Amino acid sequence: AAVAGLAAVAMLAAGCGGGGSASGGDGYKLAFIEGVTGDAFYVTMGCGVQDAAKKAGATVDIQGAQKFDPTLQTPVLQSVIASRPDAILIAPTDAKSMEQPIKQATSAGIKVVLVDTTLENTDGIVSSIASDNKGGGEAAFKAIQQLAPNGGKVLVIDNQPGISTSDARTQGFDTAAKADSKYTNLGVQYVQNDPAKAAQIVTAALQKDPDIVGIFATNLFGATGAATGVRQAGKQGTVKIVGFDAGSDQVKALQDGTIQALIAQQPGTIGTDGVDQAVKALKGEATEKTIQTGFTIVTKDNLNSAEGQAALYKS
Ligand code: T6T
């Protein structure tokens with residue numbers, strides 16, 4: 001079974017671009033549950049997970065629901081628990097409502113590592129690994145200050161409330177905006193990870209407040225939708241967009257001048273750190289309760305540099 005598992009890992013790793021060689025290892029069975037499938041952020045994290053699992057001689061099964069939704073992630077988690085992995089890496093889609101379903105895993109003796117998003121209560125969790133999301137929100141506001149130095153109205157496009165990552169981003173952004181009286185934060189509009197909804201909301205917001213100078217989109221799907229909305233309003237380049245994440249759609253919008261800055265996270269590192277923590281816990285070695293990873297601000301200026309290219313996601 002270990003050999004078949006490794007073959008599956010090798011096949012899945014195609015397109016991830018790399019990965020060390022299996023070291024024999026302990027044959028641990030790992031599972032990674034994404035926040036949502038088909039998201040370049042989690043795809044890139046999956047590459048890091050696969051690379052690290054391969055190096056540790058572990059197998060990994062990657063699963064996720066088709067929407068970023070705790071009611072859909074819970075049954076995915078339950079079926080993974082039923083398959084009895086040694087450890088689960090999971091990005092909980094809600095900081096509160098995923099606590100109980102995840103407790104079922106820890107109660108069953110499965111080691112759990114939280115990757116990207118976290119829970120309000122992390123008792124029993126091996127490690128929580130996430131970007132500096134509050135710092136990223138602050139950095140997004142600083143980028144808007146540079147792009148629209150005269151100040152004005154700003155708008156935030158977010159997935160939904162209750163998610164640790166994007167809540168921290170909106171909070172960091174709002175606190176920074178409040179500290180500069182030249183700007184008025186019109187507040188947060190929730191788009192449920194739907195780019196079409198984000199586009200519609202942005203178009204409507206620009207009709208109501210044509211003097212909006214900047215938009216902060218807290219994640220990949222919001223940024224894609226905000227770019228469409230600004231384009232539809234014919235305000236490309238006039239209304240500045242700063243988005244979290246650096247998938248191929250966002251990079252295209254950066255190149256064509258619709259998005260001005262991307263806060264690229266380090267999903268691959270979150271994935272490899274996640275596997276390392278899980279394997280350490282399984283071996284009875286010391287683990288780190290929280291790990292914070294960094295981000296790179298990608299603009300047209302550094303996009304083609306080594307640093308800019310390394311920051312881009314893998315799909
Ligand atoms: O921004 C990432 C992730 O950090 C967040 O928790 C959910 O959205 C993304 O996956 C991007 O779509």
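Predicted model only: the values in this text are computed from it and were never measured.
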Checklist entry - Should Gln78 and Pro101 count as side-chain neighbours, where that means a heavy-atom distance under 4.5 Å? => result no
Checklist entry - Could you give the distance from CG (Asp249) to OG1 (Thr224), rounded to the nearest 0.5 Å? => result 5.0 Å
Next on the checklist: Using side-chain contact (heavy atoms from CB on, under 4.5 Å), reason through Val126 and Lys289 one step at a time and then give a plain yes or no.
Outcome noted: CA-CA 6 Å; Val126 170; Lys289 191 70 189 161; over 6 Å; no
Checklist entry - Taking the side chain as C-beta and beyond, is there a heavy-atom pair between Ser127 and Thr290 under 4.5 Å? => result no
Checklist entry - Which heavy atom in Gly187 sits nearest to a heavy atom in Leu155, and how many Å separate them? => result O-CD1, 3.7 Å
Next on the checklist: Distance check, rounded to the nearest 0.5 Å: Asp51 atom CG versus Thr272 atom OG1?
Outcome noted: 8.0 Å
Item to check | Ionic contact status for Glu138 with Lys142, cut-off 4.0 Å | outcome: no
Item to check | Those residues that, when tested against Glu307, pass side chain to side chain donor-acceptor pair (under 3.5 Å) (two or more places apart) | outcome: none
Checklist entry - Does a donor on one side chain and an acceptor on the other come within less than 3.5 Å for Thr293 and Gln266? => result no
Checklist entry - Is it true that a side-chain atom of Asn302 and a backbone atom of Ile297 form a donor plus acceptor pair closer than 3.5 Å? => result yes
Next on the checklist: The criterion is side chain to side chain contact (heavy atoms under 4.5 Å, CB included); which residues satisfy it with Lys182, sequence neighbours excluded?
Outcome noted: Asp180
Checklist entry - What residues form a side chain to side chain donor-acceptor pair (under 3.5 Å) with Ser131, not counting sequence neighbours? => result Gln265
Item to check | Minimum heavy-atom distance Ala87-Ala278, with the two atoms named | outcome: CB-CB, 3.9 Å
Item to check | OG1 on Thr299 to CG on Leu303, rounded to 0.5 Å | outcome: 8.0 Å
Item to check | Min side-chain heavy-atom separation Ile88-Ile81 under 4.5 Å | outcome: yes
Item to check | Asp273 CG to Ile270 CD1 distance, which is reported to the nearest 0.5 Å | outcome: 8.0 Å
Next on the checklist: Would the distance check show the side chain of Gln260 and the main-chain N or O of Gly257 forming a donor-acceptor pair, the cut-off being under 3.5 Å?
Outcome noted: yes
Next on the checklist: For a quick check under 3.5 Å, do Asp61 and Gln63 share a side-chain donor-acceptor pair by atom type?
Outcome noted: yes
Next on the checklist: Tell me every residue that passes salt bridge (charged side-chain N to carboxylate O under 4.0 Å, His left out) with Lys67, counting only those two or more places apart in sequence or in another chain.
Outcome noted: none
Checklist entry - To the nearest 0.5 Å, how far apart are CG in Leu220 and CG in Leu262? => result 9.0 Å
Checklist entry - For Asn193 and Val36, what are the C-alpha separation, side-chain angles and deciding distance, and is it a side-chain contact (heavy atoms from CB on, under 4.5 Å)? => result CA-CA 10 Å; Asn193 249 3; Val36 62; 4.3 Å; yes
Checklist entry - Which pairs with one or both residues in residues 95-112 pass salt bridge (charged side-chain N to carboxylate O under 4.0 Å, His left out), sequence neighbours excluded? => result Lys96-Glu99, Lys96-Glu120
Item to check | Leu206 versus Gly229, closest heavy-atom pair with distance | outcome: CD1-O, 4.4 Å
Item to check | Distance-only donor-acceptor check, side chains Asp245 and Tyr313, under 3.5 Å | outcome: yes
Checklist entry - Do Met98 and Leu119 come within less than 4.5 Å of each other through their side chains, counting heavy atoms only? => result yes
Checklist outcome for this item: In short, Ala198 meets Gly222 closest at the heavy-atom pair CB-O, 4.1 Å
Item to check | Pairwise distance CE(Met45) to CD(Glu34) - rounded to 0.5 angstrom | outcome: 9.0 Å
Next on the checklist: Enumerate the salt bridge (charged side-chain N to carboxylate O under 4.0 Å, His left out) contacts for residues 160-174, please, sequence neighbours excluded, ordered by first and then second residue.
Outcome noted: Asp174-Lys178
Item to check | Pairs flagged by salt bridge (charged side-chain N to carboxylate O under 4.0 Å, His left out) wherever residues 195-212 is involved - sequence neighbours left out | outcome: Lys153-Asp209, Lys153-Asp211
Next on the checklist: I'd like to know whether CD of Glu285 has more than 12 heavy-atom contacts from other residues, nucleotides or ligands below 6.0 angstrom.
Outcome noted: yes
Checklist outcome for this item: Residue pairs meeting side chain to side chain donor-acceptor pair (under 3.5 Å), one or both in residues 36-47, sequence neighbours left out, come to Tyr42-Asp116
Next on the checklist: Enumerate the ring pair (Phe, Tyr, Trp, His ring centres under 6.0 Å) contacts for residues 129-160, please, sequence neighbours excluded, ordered by first and then second residue.
Outcome noted: Phe141-Phe173, Phe141-Tyr183
Item to check | Sequence-distant partners of Ala227, side chain to side chain contact (heavy atoms under 4.5 Å, CB included), two or more places apart | outcome: Arg231, Ile241, Ala253, Thr258, Ile259
Checklist entry - For Thr165 and Asn133, does a side-chain donor sit closer than 3.5 Å to a side-chain acceptor? => result no
Item to check | Under the salt bridge (charged side-chain N to carboxylate O under 4.0 Å, His left out) test, residues paired with Lys300 that sit two or more places apart | outcome: none
Checklist entry - Given side chains that start at C-beta, do those of Val154 and Thr184 come closer than 4.5 Å, heavy atoms only? => result no
Item to check | Flag side-chain contact, heavy atom, 4.5 Å: Phe221 against Asn219 | outcome: yes
Checklist entry - Is the shortest heavy-atom distance from the side chain of Ile157 to the side chain of Ile201 under 4.5 Å? => result yes
Checklist entry - Can you list the steps and then say if Gln232 with Thr203 is a side-chain hydrogen bond (donor to acceptor under 3.5 Å, both in side chains)? => result CA-CA 7 Å; Gln232 276 166 2; Thr203 309; 3.2 Å; yes
Checklist entry - Less than 4.5 Å apart, any side-chain heavy atom of Gln73 and any of Ile90? => result yes
Checklist entry - Side chain of Ser305, backbone of Gly308: donor and acceptor closer than 3.5 Å? => result yes
Checklist outcome for this item: Closest non-hydrogen contact found for Ala311 with Val298 is CB-CG2, 4.0 Å
Checklist entry - Tyr28 and Val279: side-chain contact (heavy atoms from CB on, under 4.5 Å), yes or no, with the steps? => result CA-CA 8 Å; Tyr28 290 124; Val279 169; 4.3 Å; yes
Checklist outcome for this item: Here the pair of heavy atoms bringing Gly274 nearest to Val115 is CA-CG1, 4.2 Å
Checklist outcome for this item: Sorted by chain and residue number, the side chain to side chain contact (heavy atoms under 4.5 Å, CB included) partners of Thr71 (sequence neighbours excluded) come out as Asp69
Checklist entry - Checking side-chain contact (heavy atoms from CB on, under 4.5 Å) for the pair Leu72/Gln66: CA distance, chi angles, key distance, verdict? => result CA-CA 8 Å; Leu72 300 178; Gln66 285 178 9; 6.0 Å; no
